[in-house]
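Scroll down for the structure; my scribbles are underneath it.
Keep in mind that what you see is a predicted model, and the values were worked out from it rather than measured. Below, each value reflects all heavy atoms present in this structure, side chains not excepted, and no hydrogens, waters or symmetry copies. The chain is numbered in sequence order, starting from 1.
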Amino acid sequence: MNKSLYIFFCLIFAVNFWDLSVVVNVLTADIVLVLDWMWILSGIYFFNENKRLKSLNSYNYNKPLVLILAGVFISMFSAYFFGGQSLLTTLIAQRPIYSFMFLPVILFVQPTEKDIIKALKWISIGTIVVWVLVHFKTDIIKLDKEKIDQFEMNNKDLSAKLEFYVTGIHLVVLYVYIKIYQYIKKFSWDVFLEASFLLIFIILYQNRSMILGVIPVFIYSMYKFKSTYKSTIIIVASIAIIVGVIYTSDVWKLMIENTQSNLGETDYNRWKALYYYFGYYSSNWFCYVFGNGYPSGGNSPLGNLMWANFEKGIFTSDLGMIGMWVDYGILPLIAIYGIIISILRKNIYPLYLKFVCLHIVFVPTIFHFWSNPGIALFSLIIYMHSYYTDRNKKMIQYARNNNS
C-alpha cells in the first residue's frame, strides 16, 4: 500500500465522498463513518514497518489528542447533569469526533510531507470536479438536515448556489497554501500556475471566509517570490485580476452588499448565534468552561433545544471554533491553539503551516473539528507540527553529537 494512496482514501472518507447522491443513497452516514474508522485503522496493518520512528509515534505527540478527548469526555457530564441527556446518548451523538483516531494512526504510519501533498492534490482535483458537476446538476449531491436548514435560511431558491456546500474546500485551501509556499521557496511556472488556478476556484466558490484568508497570502507571495520574470508576472497577474473583477463585478457587488448587510443587521445568523450561545445557552460556569456537551437531536431536552434553535436560524456551526467551545469547552481549544501558537512562533515550521494557522486565528468561524473534514484538516496540521518538531530535535542532537 502506497502511503499517499492511504492518506487519499482517508480524505475521501473525510469528505464523505463529497456527499454524492450515488454514494449517500446506498451508504448511510453511519456506515461511511464505520468504514472510515476501519480504513484508518487498516494503516496499522499496512504500514507495520521496523523503520518507523519511535520518537514520532509517542505519547508526547499524542498529547493534543488526549487533551481534546478529555474536553469531550468532561462535556458529557454537562449534557447529563444540565441538559437532561444520558451519557450513552451523548456517547453515540458525538461519534463523528472519534474519527480523531486518524491522528495517532498517521503518527504510527508516518507519511512523508510529499505523501500528504500528493493526497491533498488529488482530493483538491476531486473537489473541483464535483463542484463543477453540482453547478450544472444540483441533485448530484445530497445534504444532511443541518446543511439543508442553513441553506434554506440563506437561499429562498434551493437551486441556487448549492455548490457552496460541496465538501472539501478546507483541504483545497491547505493545498493552495502549500503551492504558494513552494513557489515562494523556489519559483516554478508549473507550481505558480497550479496555485493560480486553485485561487480562481476558491474565488468562484464564493466563500467569503476562505477568500479573506487566501487573497492576502497570495498578495504577500507576489512580494516574496523570486524570479527573473517577476515584474512580468506581477503585471500580467494584476491585469488578469482587474479583468476578472470587472467580468465578475455582479458577483463581487453581491458579496460586498451581503457582507455589509450581515455586519449591520442584528438578525444575521452569526450575530444571533454568538449572542445566544454566550448569553443564554450555558446553565452555569461549569458549562461555560467545560462545554455543554454534544446534543442528540430529538433524543433529549438538549437535543430538542438544538432542533428548536435550528428553526430560529441559530447554529453552533456558524461560530466555528467558538462553537467548539460551546459544545466541548476550553480544553480542546487549548490543545489546538497551543499547536497554532507554536507553529506561528518558531521558524522551524514551513510557511504553509503558518498561512493556514493565521487563517484559523483571524477567521475562526469557518473552521471546526466536530466532524470531518475538519478533523482530518486539524489532524494533518498537528501531524506536520509533530513531523517538523521531531525532525528539528534530531538535527539538534546530530549537531551536538558531531561537535562532541
Side-chain angles (χ1 to χ4, degrees), residues 16 19 29-30 71-72 74-97 142-156 158 161-162 164-165 167 207-209 258 261-333 363-372 374-375:
N16 194 36
D19 295 316
D30 284 335
V72 171
I74 294 172
S75 72
M76 292 173 62
F77 292 93
S78 295
Y80 177 71
F81 287 111
F82 308 112
Q85 184 168 285
S86 72
L87 294 177
L88 179 60
T89 300
T90 306
L91 190 71
I92 295 171
Q94 67 192 20
R95 60 194 177 279
I97 200 77
K142 186 175 181 180
L143 303 180
D144 61 28
K145 175 177 170 52
E146 184 173 352
K147 285 182 179 178
I148 290 173
D149 287 345
Q150 284 180 304
F151 187 87
E152 289 176 340
M153 285 287 177
N154 297 316
N155 299 277
K156 294 179 181 179
L158 194 61
K161 300 180 181 178
L162 194 62
F164 180 84
Y165 289 96
T167 316
N207 186 310
R208 291 170 295 183
S209 299
N258 285 342
S261 174
N262 293 155
L263 292 174
E265 62 185 24
T266 56
D267 200 41
Y268 177 44
N269 282 0
R270 281 200 170 103
W271 295 145
K272 285 197 300 184
L274 195 63
Y275 179 73
Y276 170 74
Y277 283 115
F278 279 88
Y280 298 97
Y281 187 63
S282 298
S283 303
N284 50 53
W285 69 267
F286 187 90
C287 295
Y288 272 106
V289 176
F290 296 107
N292 296 272
Y294 193 87
S296 178
N299 296 312
S300 69
L302 186 66
N304 294 335
L305 179 60
M306 180 182 71
W307 288 142
N309 288 333
F310 283 1
E311 295 297 325
K312 299 173 185 175
I314 298 174
F315 306 88
T316 48
S317 56
D318 278 337
L319 300 179
M321 298 297 282
I322 302 170
M324 297 303 307
W325 188 347
V326 171
D327 280 350
Y328 293 136
I330 199 168
L331 293 182
L333 294 188
V363 196
T365 53
I366 198 64
F367 296 94
H368 71 81
F369 48 91
W370 281 292
S371 59
N372 271 317
I375 290 173

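- Closest approach of Gly293 and Ser78 over heavy atoms only: N-CB, 4.4 Å.
- Looking only at side-chain heavy atoms (C-beta outward), Leu274 and Leu319 come within less than 4.5 Å of each other.
- Counting heavy atoms from C-beta on, the side chains of Phe286 and Ile74 come closer than 4.5 Å.
- Side chains of Lys312 and Tyr276 form no contact here, defined as non-hydrogen atoms less than 4.5 Å apart.
- Here the OG atom belonging to Ser317 is positioned 8.5 Å from the CZ atom belonging to Arg270, to the nearest 0.5 angstrom.
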Check: Which is it for Tyr328 and Ile97 under the side chain to side chain contact (heavy atoms under 4.5 Å, CB included) test, yes or no, and what are the steps along the way?
Finding: CA-CA 11 Å; Tyr328 293 136; Ile97 200 77; 4.1 Å; yes

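- One finds the CG atom of Asn284 at 8.5 Å from the CG atom of Asn292 (value rounded to the nearest 0.5 Å).
- To the nearest 0.5 Å, atom CG of residue Leu305 and atom CZ of residue Phe310 are 10.5 Å apart.
- The number of heavy-atom neighbours closer than 6.0 Å to CZ of Phe278, taken from other residues, nucleotides and ligands shown, is above 12.
- Salt-bridge annotation for Asp318 and Lys272: absent, with no side-chain N of the basic residue lying under 4.0 Å from a carboxylate O of the acidic one.
- Here Cys287 contributes atom SG and Tyr281 contributes atom OH; the two are 9.0 Å apart, rounded to the nearest 0.5 Å.
- Nearest heavy atoms, Ile366 versus Ser209: CB-CB, 3.7 Å.
- Here the CE-CD1 distance, from Met324 to Ile330, works out to 13.5 Å after rounding to the nearest 0.5 Å.
- Residues Ser371 and Pro96 share a closest heavy-atom pair of CB-CB, 3.6 Å.
- Although no hydrogens or angles enter the test, the distance criterion places a donor-acceptor pair under 3.5 Å between the side chain of Trp325 and the main chain of Tyr288.
- How far CG of Asn16 is from OG1 of Thr167: 7.0 Å, rounded to the nearest 0.5 Å.
- Using a 4.5 Å heavy-atom threshold, the side chains of Asn309 and Phe315 count as separate.
- The closest side-chain heavy-atom distance from Trp370 to Thr316 is below 4.5 Å.
- When atom types are taken as modelled, the side chain of Asp327 and the backbone of Tyr294 share no donor-acceptor pair closer than 3.5 angstrom.
- Here the rule is side-chain hydrogen bond (donor to acceptor under 3.5 Å, both in side chains) with Gln85, and of Thr90, Asn304, Asn299 only Thr90 fits it.
- Proximity of the aromatic rings of Tyr280 and Tyr275 is defined here by a centroid distance below 6.0 angstrom, and this criterion is met.
- Side chain of Ser296 to backbone of Ala93: no donor-acceptor contact under 3.5 angstrom is found.
- Within 6.0 Å of OH on Tyr80 lie no more than 12 heavy atoms contributed by other residues, nucleotides or ligands.
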